[in-house]
Amino acid sequence: MKKIEINERRDFLKKSGVIAAAVSFGATSSLAAIDTKIKNKLPKWRGFNLLDFFNPDPDKGRKNPEKYFQWMADWGFDFVRVPISYPSYLDFDRSRPILAEEVLNFDERRLQEIDQLVDTAHKYGLHVSLNLHRAPGFCINAGFIEPYNLWKDQEALDAFCAHWEMWSKRYKNISSKKLSFDLVNEPFMRADPNDQHSPGGPVPVQDYHRVAKAAVETIKSVKKKRLVIADGNSGGGVAVPELADLDLHQSCRGYHPHLISHFKAPWSYKDVDSLPTPTWPGEINGVMHNKQTLEKYYEPWVDLLRKGVGVHCGECGAFNKTPHDVFLAWFEDVLDILNDNGIGFGIWEFSGTFGILNSGREDVNYENWYGEKLDRKYLNLLMKYA
């Protein structure tokens, strides 16, 4: 990428308001007041998810240009989570569903593309969290037919561990300060894993523990000091104290209440037009939601901190159909609670429907940012915590 010239860079910093990013905060939340001695064993990383390898088809990924990494760093962020669909780095016949015997057909050319993303993030001082968004035998999203079930089948678990062994060996010489592993995105047990709207719920804890334990032991056998993170159960939002005996930390979500974060999201709701428009604070399904109810929601995660388990919020934000003023009011409360407890965050995408760039919201006056559409109000909110 051609570097920004000196004058342009000065203009960039002036427009960013980087110096003004240090903001004094008001009163702390009641959660923080309960125990100010709680220390998070994970750094308070703040940044974004990058969806370059999110699609099972590697040619359909959303590639993030190098300038995005530079802007993140200049705005004070220090973290990128990379949710990866494992088929995106395999070589197999994509005209049909993948076969069990093909899930380890690693494609070196595709792996090198992921290497390049990791290298670019490190060039700008960003910690990389490598996440299997789709693992052999499981993904929270349908749309790709798996040959088995990660939570039930030993063959799937063996493949899952083989993938993490590959990544562990590939990045063995990268410090854990620069790279961590996020085992599998948002564990969930669907009645029909290939139906996006099939009913389901949390993975049985004993099954989640068995899968996580096997993967952690595989990773640690290659590099004992590697930081490993497990997502919350039931789609990421439920803390799992039963994993506290394992050498890993946990990742929560900033998607509660779901009606606000995923308002009119078609992958979450079958009939988006029947949804009531959310307000904040406001009533949802007859229940009042406000900052105090948010604090109660995050209390199990604070309990994990008290147990010595590190916590990070790997995904958060809201779809572009949520009214912008409602989104900002709600999300400031979410960020306040996370910040008060030393928990960092990863916004679901930098550019796109959840992002600060090019989100496609109809109720935002975007700022032209070097040819991109910047949601300045959203960025200003995030920079309070960066």
Side-chain angles (χ1 to χ4, degrees), residues 12-33 36 38-40 42-49 68-81 124-127 251-256 260-261 280-281 290-292 294-295 297-298 301-302 305 311-320 322-351 354-359 361 363-367 369 372-386:
F12 166 89
L13 293 173
K14 182 179 179 181
K15 290 173 72 176
S16 299
V18 171
I19 298 175
V23 178
S24 60
F25 298 100
T28 59
S29 71
S30 60
L31 274 181
T36 58
I38 297 175
K39 180 169 176 59
N40 193 344
L42 283 178
K44 194 167 68 174
W45 299 307
R46 293 139 302 178
F48 302 86
N49 283 253
Y68 285 3
F69 296 81
Q70 183 175 10
W71 293 348
M72 289 179 213
D74 282 330
W75 282 328
F77 300 102
D78 60 2
F79 172 85
V80 291
R81 180 174 180 261
Y124 292 97
L126 306 173
H127 179 93
S251 177
C252 65
R253 291 293 179 266
Y255 293 147
H256 178 80
I260 291 182
S261 66
W280 188 262
N290 51 36
K291 189 173 184 180
Q292 287 68 45
L294 277 177
E295 289 174 334
Y297 172 80
Y298 284 105
W301 296 97
V302 179
L305 294 176
V311 176
H312 184 260
C313 184
E315 290 185 23
C316 53
F319 188 50
N320 64 4
T322 305
H324 199 238
D325 58 342
V326 174
F327 161 57
L328 293 178
W330 161 76
F331 201 50
E332 183 161 18
D333 283 347
V334 172
L335 292 175
D336 271 343
I337 293 168
L338 295 177
N339 184 72
D340 286 345
N341 290 283
I343 299 172
F345 60 82
I347 306 301
W348 181 255
E349 72 189 330
F350 185 66
S351 175
F354 277 70
I356 61 173
L357 292 178
N358 311 311
S359 61
R361 293 181 179 274
D363 54 353
V364 170
N365 292 320
Y366 290 100
E367 176 181 329
W369 182 260
E372 312 274 350
K373 293 182 177 180
L374 172 64
D375 183 344
R376 172 62 69 176
K377 287 185 177 180
Y378 189 8
L379 174 60
N380 285 345
L381 173 61
L382 296 179
M383 287 178 67
K384 287 176 59 177
Y385 304 93

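The figures here come from the full heavy-atom set of this structure, side chains too, leaving out hydrogens, waters and symmetry mates.
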In terms of ring plane angle, is the pair Phe327 and Phe331 parallel, tilted or perpendicular, where the classes change at 30° and 60°? parallel
Name the orientation class of the two ring planes belonging to Phe79 and His312 (parallel below 30°, tilted from 30 to 60°, perpendicular beyond 60°). tilted
Sorted by chain and residue number, the ring pair (Phe, Tyr, Trp, His ring centres under 6.0 Å) partners of Phe48 (sequence neighbours excluded) come out as Phe77, Phe350
Distance-only polar pair, side chains of [X] and [Y], donor-acceptor under 3.5 Å:
{"X": "Lys377", "Y": "Asn365", "answer": "no"}
{"X": "Asn341", "Y": "Trp301", "answer": "no"}
{"X": "Ser359", "Y": "Asn320", "answer": "no"}

Polar side-chain atom of [X] near backbone of [Y] as donor-acceptor pair, under 3.5 Å:
{"X": "Trp369", "Y": "Asp375", "value": "no"}
{"X": "Arg361", "Y": "Thr322", "value": "yes"}
{"X": "Asp363", "Y": "His324", "value": "yes"}

In Å, rounded to the nearest 0.5 Å, how long is the span from [atom1] of [X] to [atom2] of [Y]?
{"X": "Phe345", "Y": "Leu338", "atom1": "CZ", "atom2": "CG", "result": "8.5 Å"}
{"X": "Leu305", "Y": "Ile343", "atom1": "CG", "atom2": "CD1", "result": "5.0 Å"}
{"X": "Tyr298", "Y": "His256", "atom1": "OH", "atom2": "NE2", "result": "8.0 Å"}
{"X": "Cys316", "Y": "Arg253", "atom1": "SG", "atom2": "CZ", "result": "9.0 Å"}
{"X": "Met72", "Y": "Leu126", "atom1": "CE", "atom2": "CG", "result": "6.5 Å"}
{"X": "Tyr255", "Y": "Ile260", "atom1": "OH", "atom2": "CD1", "result": "14.5 Å"}

Which atom of [X] lies closest to which atom of [Y], heavy atoms considered:
{"X": "Tyr124", "Y": "Ala73", "value": "O-CB, 3.5 Å"}
{"X": "Ser251", "Y": "Gly314", "value": "OG-N, 3.0 Å"}
{"X": "Trp330", "Y": "Ser261", "value": "CH2-CB, 3.9 Å"}
{"X": "Ile347", "Y": "Phe354", "value": "CG2-O, 3.8 Å"}
{"X": "Asn40", "Y": "Gly342", "value": "ND2-O, 2.9 Å"}
{"X": "Leu357", "Y": "Tyr68", "value": "CD1-CE1, 3.9 Å"}

With a 4.5 Å cut-off on side-chain heavy atoms, are Asn339 and Lys44 touching? yes
Lys384/Asn380 under side-chain contact (heavy atoms from CB on, under 4.5 Å): CA gap, chis, key distance, verdict: CA-CA 7 Å; Lys384 287 176 59 177; Asn380 285 345; over 6 Å; no
Partners passing salt bridge (Lys or Arg N to Asp or Glu O under 4.0 Å) against Arg46 (at least two apart in sequence or in another chain): Asp78
Counting neighbours of NZ on Lys373 that are heavy atoms of other residues, nucleotides or ligands and sit closer than 6.0 Å, is the number greater than 12? no
Between Tyr366 and Glu372, is a side-chain contact (heavy atoms from CB on, under 4.5 Å) present by the stated rule, with each step listed? CA-CA 9 Å; Tyr366 290 100; Glu372 312 274 350; over 6 Å; no
I would like to know whether Trp280 and Asp325 meet side-chain contact (heavy atoms from CB on, under 4.5 Å); could you show each step before the answer? CA-CA 9 Å; Trp280 188 262; Asp325 58 342; over 6 Å; no
